[in-house]
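Scroll down for the structure; my scribbles are underneath it.
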Amino acid sequence: MPNDILIILTTWPDAESARAAARKMVEEKLAACGNLVPGVESIYRWQGSIETSSEILLIFKTTVARYSALEARIRELHSYEVPEIIAIPIGAGLPAYLRWVEESCRD
């Protein structure tokens with residue numbers, strides 16, 4: 001079961017858009033939950049320049065089976081041309097929590 005659960009990291013330009021995306025993903029059962037982490041400062045290279053932005057980190061918990069649909073929905077809702085979407089497999093976790101994630105993401 002742990003190999004079927006993913007943590008998805010994605011950054012958003014503001015709390016309002018991150019909150020709306022988190023709510024939509026949970027409502028659509030693409031993610032069990034979304035955690036908003038405010039106060040992220042990102043420094044990155046974009047189109048040849050070094051940029052600095054204040055962002056909101058949004059952490060989703062989902063299943064491997066729902067990942068493609070979640071990624072597509074993030075890309076659809078996101079304002080960035082190339083949004084950060086990183087999937088990290090779970091190696092271990094509380095079995096009851098991992099079952100909850102799986103159950104929450106079922107159609």
Side-chain angles (χ1 to χ4, degrees):
M1 179 186 344
N3 294 336
D4 295 335
I5 307 298
L6 299 171
I7 291 177
I8 309 302
L9 304 177
T10 179
T11 51
W12 294 73
D14 55 70
E16 183 178 322
S17 62
R19 189 173 293 111
R23 178 168 292 282
K24 206 167 268 303
M25 302 306 174
V26 171
E27 286 173 353
E28 296 175 9
K29 295 186 177 183
L30 297 176
C33 70
N35 305 110
L36 279 69
V37 183
V40 172
E41 182 176 355
S42 298
I43 300 169
Y44 55 94
R45 183 177 306 279
W46 180 247
Q47 298 179 342
S49 298
I50 302 297
E51 303 286 338
T52 302
S53 298
S54 293
E55 296 181 301
I56 303 295
L57 175 63
L58 182 46
I59 304 169
F60 288 114
K61 272 70 86 187
T62 193
T63 60
V64 170
R66 300 299 277 162
Y67 174 76
S68 292
L70 175 68
E71 178 187 286
R73 197 71 165 111
I74 290 171
R75 294 182 68 185
E76 180 182 309
L77 296 172
H78 213 293
S79 63
Y80 294 170
E81 182 179 336
V82 181
E84 175 183 3
I85 305 172
I86 299 173
I88 303 168
I90 300 296
L94 180 68
Y97 182 82
L98 300 178
R99 271 192 304 278
W100 171 79
V101 172
E102 281 190 332
E103 291 167 3
S104 298
C105 292
R106 281 193 192 125
D107 264 335

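In this text the structure is predicted, and so the values were computed from the model without any measurement.
- You'll find the side chain of L30 stays beyond 4.5 Å of the side chain of F60, heavy atoms only.
- Under a hydrophobic-cluster definition in which Ile, Leu, Val, Met, Phe, Trp and Tyr are linked whenever side-chain heavy atoms come within less than 4.5 Å, directly or via other members, I86 and L57 are assigned to the same cluster.
- The closest side-chain donor-acceptor pair between Y80 and E55 falls under 3.5 angstrom.
- The CD atom of E102 sits 7.0 Å away from atom OG1 of T63, with the distance rounded to the nearest 0.5 Å.
- Hydrophobic clustering places L94 together with I88 (ILVMFWY residues linked when any side-chain heavy atoms are closer than 4.5 Å, directly or through intermediates).
- The shortest distance between side-chain heavy atoms of W100 and C33 falls below 4.5 Å.
- Between I56 and A15 the shortest heavy-atom distance is CG1-N, 3.4 Å.
- Considering CG of L9 and CG of L58, their distance stands at 9.5 Å, rounded to 0.5 Å.
- Once rounded to the nearest 0.5 Å, the distance linking CD1 of I74 with CD1 of I85 reads 4.5 Å.
- Nearest heavy atom pair, residue R66 against residue C105, reads NE-O, 3.3 Å.
- Considering CG of D4 and CD1 of I90, their distance stands at 11.5 Å, rounded to 0.5 Å.
- Salt bridge annotation for R73-E76: present, with a cationic side-chain nitrogen under 4.0 angstrom from a carboxylate oxygen.
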Next item on the list: Decide side chain to side chain contact (heavy atoms under 4.5 Å, CB included) for W12 and L36; before the verdict, give the C-alpha distance in whole Å, the side-chain angles of both, and the deciding distance to 0.1 Å.
Entry: CA-CA 10 Å; W12 294 73; L36 279 69; over 6 Å; no
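- One finds the CD1 atom of I8 at 8.5 Å from the CD atom of E71 (value rounded to the nearest 0.5 Å).
- Y44 has its side chain out of reach of E84: every pair of non-hydrogen atoms, C-beta onward, lies at least 4.5 Å apart.
- The shortest non-hydrogen separation linking L77 to M25 is CD1-CE, 3.8 Å.
- We find the CG-NZ distance between L6 and K61 to be 12.0 Å, quoted to the nearest 0.5 Å.
- The hydrophobic clustering, which links ILVMFWY residues whose side-chain heavy atoms are closer than 4.5 Å, places V26 and I59 apart.
- The two residues P13 and H78 come nearest to each other via the heavy atoms CD-CE1, 4.1 Å.
- For E27, the CD atom counts as densely surrounded, since its 6.0 Å shell holds more than 12 non-hydrogen atoms of other residues, nucleotides or ligands.
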